[in-house]
Number of protein chains: 2
Amino acid sequence: MKSDSISKPLPLSEKLRRGNLLAADCPSREVLKHMTSRWGVLVLLALETGTFRFAALRRAVGGVSERMLAQTLRQLEQDGLVLRVAHDVVPPHVEYSLTALGREAATQVRHLADWIEVNLPRIQENWRASGN
Amino acid sequence: MKSDSISKPLPLSEKLRRGNLLAADCPSREVLKHMTSRWGVLVLLALETGTFRFAALRRAVGGVSERMLAQTLRQLEQDGLVLRVAHDVVPPHVEYSLTALGREAATQVRHLADWIEVNLPRIQENWRASGN
DNA sequence: CTCCATACTTACATATTTGTGCGTACTTAC
DNA sequence: GTAAGTACGCACAAATATGTAAGTATGGAG
């Protein structure tokens, strides 16, 4: 009785589709961490609406600190989702936007976000039902 | 010059679609936190493939500790995404599965996960390009 | 001449998350 | 009789995430 419904020999196609995110050492988990981090999601959503300068982005994403915004942007940049363009002028001027890859990623994240916002009422019913 | 590209008066339809996840006090952020938490994502993915008992689920999701799995399941249950059925027998027997709401949520999460797994190579190129 | 704005970085403090090990109340296998 | 499996809850410790305040180089406003 050790074969739980996950360990049956999946066909190759399935193996590819599902990858191995469920495996502890899958490198995808790192990307998942960046994209689903507290601020990663919000930054992706914000940048989907256009190009922003650092301070403007900070104002757009309610609640981020400078430190966290900078760190989040660095991660997403390293993953190739965010493009950073620095104009070498005296008062610094840097612009952030999504790369093609980033736009794809943002699309997925937005679908998730949309689902949550649309279904929030249904979820809140459960909150009340289980005594907050 | 305070109107950054986010604050232009959106039409009502847009306002509803986008909600206010970008606002610091939006209640959706709580749900987002549960669903995109380190183990929340993985549990949703695992449960999408069937019903599991606690220990089996723990084996399916590589790397979770008992404590975290229990906590994650409790959150998702309160949000109404996970159904917990406890059979009152002597060696405890509890079964976890997704509710209708949970299946919808899991679908979104899976799309995100699939995208990541499929595009991991493209992302890894950027890792190399930016020194690690 | 002083203050603000820009886009960050760094040091330090705190908050939140996560893990570890133990306990439970029994049953089945050895 | 002893060990293992079940589904957790709890206390404590360690790890990680996040916030705060200050600093940088420079130009423009007042």
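Everything quoted here is computed from the prediction, not taken from an experiment. First the proteins, then the strands, lettered A, B, ... as listed; each starts at 1. Below, each value reflects all heavy atoms present in this structure, side chains not excepted, and no hydrogens, waters or symmetry copies.
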*For C/dC30, which nucleotide in any strand shown is its Watson-Crick or wobble partner with both distances under 3.5 Å?*
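The base-pairing partner of C/dC30, which may sit in any strand shown, is D/dG1.
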Rounded to the nearest 0.5 Å, what separates atom [atom1] in [X] from atom [atom2] in [Y]?
X	Y	atom1	atom2	result
A/Glu117	A/Leu112	CD	CG	10.5 Å
B/Thr72	B/Leu42	OG1	CG	9.5 Å
A/Gln75	A/Met35	CD	CE	12.5 Å
B/His111	A/Trp115	NE2	CH2	13.5 Å

*Contact class for B/Arg58 (heavy atom, under 4.0 Å): base, sugar-phosphate, or nothing?*
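Answer is nothing: B/Arg58 stays at 4.0 Å or more from every strand.
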*asked:* For A/Val43, run the side chain to side chain contact (heavy atoms under 4.5 Å, CB included) check against A/Leu69, A/Val64, A/Leu98 and tell me which one passes.
replied: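 Single side chain to side chain contact (heavy atoms under 4.5 Å, CB included) partner of A/Val43 among A/Leu69, A/Val64, A/Leu98: A/Leu69.
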Nucleotide [N], atom [atom2] - distance to [atom1] of [X] in whole Å:
X	N	atom1	atom2	value
B/Glu77	D/dA7	CD	P	15 Å
A/Gln71	C/dT9	CD	C1'	12 Å
A/His93	C/dA5	NE2	C1'	13 Å
A/Leu69	C/dC8	CG	P	9 Å
B/Phe52	D/dC8	CZ	C1'	19 Å
A/Asp88	C/dC8	CG	C1'	14 Å

_On DNA chain D, compare the nucleotides closest to A/Met68 and A/Pro91; which residue's is nearer the 5' end?_
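In this pair, the answer is A/Met68.
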*Who passes salt bridge (charged side-chain N to carboxylate O under 4.0 Å, His left out) against B/Glu104, sequence neighbours left out?*
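Applying salt bridge (charged side-chain N to carboxylate O under 4.0 Å, His left out) to B/Glu104 gives A/Arg122.
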_Could you go through B/Leu73 and B/Phe54, starting from their C-alpha distance and side-chain angles, then the distance that decides it, and tell me whether this counts as side chain to side chain contact (heavy atoms under 4.5 Å, CB included)?_
CA-CA 10 Å; B/Leu73 285 170; B/Phe54 188 86; 4.1 Å; yes
*Contact under 4.0 Å: B/Arg53 side-chain N or O vs D/dT6 OP1/OP2*: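 Answer no for this pair, as no side-chain N or O of B/Arg53 is under 4.0 Å from OP1 or OP2.
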_Closest to the A/Phe54 side chain, choosing from D/dT6, D/dG9, C/dA7_ =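 From the listed options, C/dA7 comes nearest.
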_What's the closest nucleotide to the side chain of A/Glu66 if the choices are C/dC8, C/dT18, C/dA7?_
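It is C/dC8.
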*For DNA chain C, determine which residues of residues 31-42 of chain B have any heavy atom closer than 4.0 angstrom to one of its atoms, and list them numerically.*
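Listed by number, they are B/Arg38, B/Trp39.
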*Using the closest heavy atom to pick a nucleotide of DNA chain C for each, name whichever of A/Arg67 or A/Leu73 lands nearer the 5' end.*
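Closer to the 5' end of DNA chain C: A/Leu73.
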